[in-house]
Amino acid sequence: MRRFFAGLAALQALAVVAQFFLAAGGAFDTAPNDESFQAHRMLGAGIVLLAVLVTIVAAIARMPGRLIGMSGLVAGLAVVQVVIRAIASAFDGTGGSTTAGELVFGLHAVNGLAILAVAGRIVRQAGQSSRPAAPARQTP
C-alpha cells in the first residue's frame, strides 16, 4: 500500500507540473481568453480530486502523520486556488480586469508554487518510507 501511495504522490506531482505547462500555454496563446485556459481549469479540478485520494490512501497506508497532513495540505491549497480566482474576479469591473484583481490573481501562481513544493516533498518522503529497511549488519 505504501508503494501505491508513493506512485499516487508522484502522479500528483506530475499533474502539478502539467498545470504550470497548461497555464503558460494559455497565457502565451496568441489571443488569451477563457477558452485558452479550459484544459488548465479541468486539470485543476482533477488535481483537487487526486489530492483528496492521495490523502485517503496515505491514511489507509498508515503513513506518518506529517505525511498525511501534507497530503491534506495539497488538497486545501488546491481549493484555495479556486477561492483566489473568485476573489480576483470580484475585483474586476465591467471593462475587464483591474489592477487590484490582477494583483490578487498573482497569488494564484504563488499558491501554485507552494502546491508544487509540498507535492515534491511528499514524493520524496513517500519514496523513503516505501523502501524496505536495510538489513542490519552482523559482525563476525
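Other residues, nucleotides and ligands contribute more than 12 heavy atoms inside 6.0 Å of the CE atom of M1.
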Ignoring hydrogens and angles, write down the donor-acceptor pairs under 3.5 Å from the side chains of residues 5-26, residues two or more places apart or on other chains.
from: Q19; atom 1: OE1; to: H40; atom 2: ND1; distance (Å): 3.4
from: Q19; atom 1: NE2; to: H40; atom 2: O; distance (Å): 3.1
from: Q19; atom 1: NE2; to: H40; atom 2: ND1; distance (Å): 3.4

Pairs under 3.5 angstrom only: tabulate donor-acceptor contacts from the side chains of residues 53-82 to other protein residues two or more places apart or in another chain.
from: T55; atom 1: OG1; to: A51; atom 2: O; distance (Å): 2.8
from: T55; atom 1: OG1; to: S71; atom 2: O; distance (Å): 3.0
from: T55; atom 1: OG1; to: G72; atom 2: N; distance (Å): 3.2
from: S71; atom 1: OG; to: L67; atom 2: O; distance (Å): 2.9
from: Q81; atom 1: OE1; to: N111; atom 2: ND2; distance (Å): 2.8
from: Q81; atom 1: NE2; to: H108; atom 2: O; distance (Å): 3.1

Report all side-chain donor-acceptor pairs from residues 112-122 shorter than 3.5 Å, counting only partners two or more places apart or in another chain.
none

